[in-house]
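Along the sequence shown, residues are numbered consecutively beginning with 1.
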Amino acid sequence: MTTATQRPTRFERRARPFKPCYATATLDAPGASAETVSTAMPLPENVVDGGEIILLAIKPSIWRPIFDSVPWLIACGALSFALIWHGLAPFGIPQWATVQLILFVSIVRFALALFRWVPSWYVLTNRRIITIRGVRVPQVLSCSLLKLKDMKLTANFLERLAGLGTVGFVVEEGTTPACAWESIAYPEEVHSRIRRAIRDARHP
């Protein structure tokens, strides 16, 4: 008698596109050692030691660069509209050239936010939470699961509109500064899996 195959959750289906980057070290295959991580998306050197097991590797949502750029986009758009509405030409520069320059600044700001998003990863191991950022020089912020006092699941207005959330971490005093996994998909599921990892680390 055969048993029915358990269908993957929505979160597990969402994690599968990251397979080419992290190979077997994604949510689909928990228990992958550091050595199995694909070189298609290499981890910074010495981030994960040989004894750690990668349980989860996800990226912030693609909406994150947009959220970071919203104030600039709104400000540049409002300024351009004001110049056109009032027919202003500051500093003797033609109005059309001024508006194009302002819009170019907003585009550059978004491009920079997108450029910073590309190498950003959130990694959960059986020992630590790890945040990886940085383009030329990777910036790695990690904290032992045993030092996490609490977690907070929040979502600002823009994140709620996109169905995203942020998991904030509260750590012990005098240890690693608090950090947050911002704008992640299925935040409730991620929150639950991190809590499970913390429980397993405290009671092996």
Student: Atom CG of Asp68 and atom CH2 of Trp63: how far apart are they, to the nearest 0.5 Å?
Tutor: 13.5 Å
Student: Roughly how far, to the nearest 0.5 Å, is the CG atom of Leu148 from the CZ atom of Arg202?
Tutor: 7.5 Å
Student: To check you understand the geometry: which heavy-atom pair defines the closest contact between Ser69 and Ala113, and what is its length?
Tutor: OG-CB, 3.6 Å
Student: Can you see which heavy atom on Leu145 is nearest to which on Ile129, and at what distance?
Tutor: CD2-CG2, 3.8 Å
Student: For the side chain of Lys59 and the backbone of Val118, is there at least one donor-acceptor N/O pair under 3.5 Å apart?
Tutor: yes
Student: Under the 3.5 angstrom rule, does the side chain of Asn126 hit a backbone N or O of Ile53 as a donor-acceptor pair?
Tutor: yes
Student: How long is the span from the CZ atom in Arg64 to the CZ atom in Arg116, to the nearest 0.5 Å?
Tutor: 10.5 Å
Student: Pairing donors with acceptors under 3.5 angstrom, does anything connect the side chains of Arg133 and Ser120?
Tutor: no
Student: Specify the closest pair of heavy atoms between Ala155 and Gly165, including all atoms of both residues, with the distance to one decimal.
Tutor: CB-CA, 4.2 Å
Student: What's the separation between atom CG in Leu101 and atom CH2 in Trp96, rounded to the nearest 0.5 Å?
Tutor: 11.0 Å
Student: Give the cluster check for Phe67 versus Leu73: same hydrophobic cluster or not, with ILVMFWY residues linked at side-chain heavy-atom distances below 4.5 Å.
Tutor: no
Student: For Ile130 and Thr125, run side chain to side chain contact (heavy atoms under 4.5 Å, CB included): C-alpha distance rounded to whole Å, both residues' side-chain angles, the deciding distance at 0.1 Å, then the answer.
Tutor: CA-CA 8 Å; Ile130 304 171; Thr125 76; 4.1 Å; yes
Student: Check for me whether the distance between the ring centres of Trp181 and Phe169 falls short of 6.0 Å.
Tutor: yes
Student: What pair of heavy atoms forms the shortest contact from Leu83 to Gln95, and how long is it?
Tutor: O-NE2, 2.9 Å
Student: Rounded to the nearest 0.5 Å, how far apart are CD1 of Ile107 and CD of Gln100?
Tutor: 10.0 Å
Student: Quick one: pull up NE2 in His191 and NZ in Lys152 and give me the separation to the nearest 0.5 Å.
Tutor: 11.0 Å
Student: Under 4.5 Å between any side-chain heavy atoms of Ile62 and Leu114, yes or no?
Tutor: yes
Student: Name the residue from Ile184, Leu164, Ile66 that meets the side-chain contact (heavy atoms from CB on, under 4.5 Å) definition with Ser61.
Tutor: Leu164
Student: Does Val123 reach the side chain of Leu56, with side-chain heavy atoms less than 4.5 Å apart?
Tutor: no
Student: Membership question, hydrophobic clusters at under 4.5 Å side-chain separation (ILVMFWY): are Phe110 and Val70 in the same one?
Tutor: yes
Student: I need the minimum non-hydrogen distance between Leu103 and Ser106, along with the two atoms involved.
Tutor: O-OG, 2.6 Å
Student: At their closest point, which heavy atom of Ser80 faces which heavy atom of Ile102, and how far apart are they?
Tutor: OG-CG2, 3.4 Å
Student: Can you confirm whether the side chains of Ser183 and Glu159 place a donor and an acceptor under 3.5 Å from each other?
Tutor: yes
Student: Donor-acceptor pair, Trp117 side chain versus Pro60 backbone, under 3.5 Å?
Tutor: yes
Student: Strictly below 4.0 Å, N to O, side chains only: are Arg127 and Asp200 in salt-bridge contact?
Tutor: no
Student: Do Val190 and Leu153 share a hydrophobic cluster (ILVMFWY, side-chain heavy atoms under 4.5 Å, transitive)?
Tutor: yes
Student: Just wondering, do Met151 and Ile194 contact through their side chains at under 4.5 Å, heavy atoms?
Tutor: yes
Student: Does any N or O in the side chain of Gln139 come within less than 3.5 Å of the main-chain N or O of Ile132, such that one atom is a donor and the other an acceptor?
Tutor: no
Student: Are Val171 and Tyr122 connected, step by step, through hydrophobic side chains (Ile, Leu, Val, Met, Phe, Trp, Tyr) whose heavy atoms are closer than 4.5 Å?
Tutor: yes
Student: Just by modelled atom types, is the Pro94 backbone N or O under 3.5 Å from a matching donor or acceptor in the Thr98 side chain?
Tutor: yes
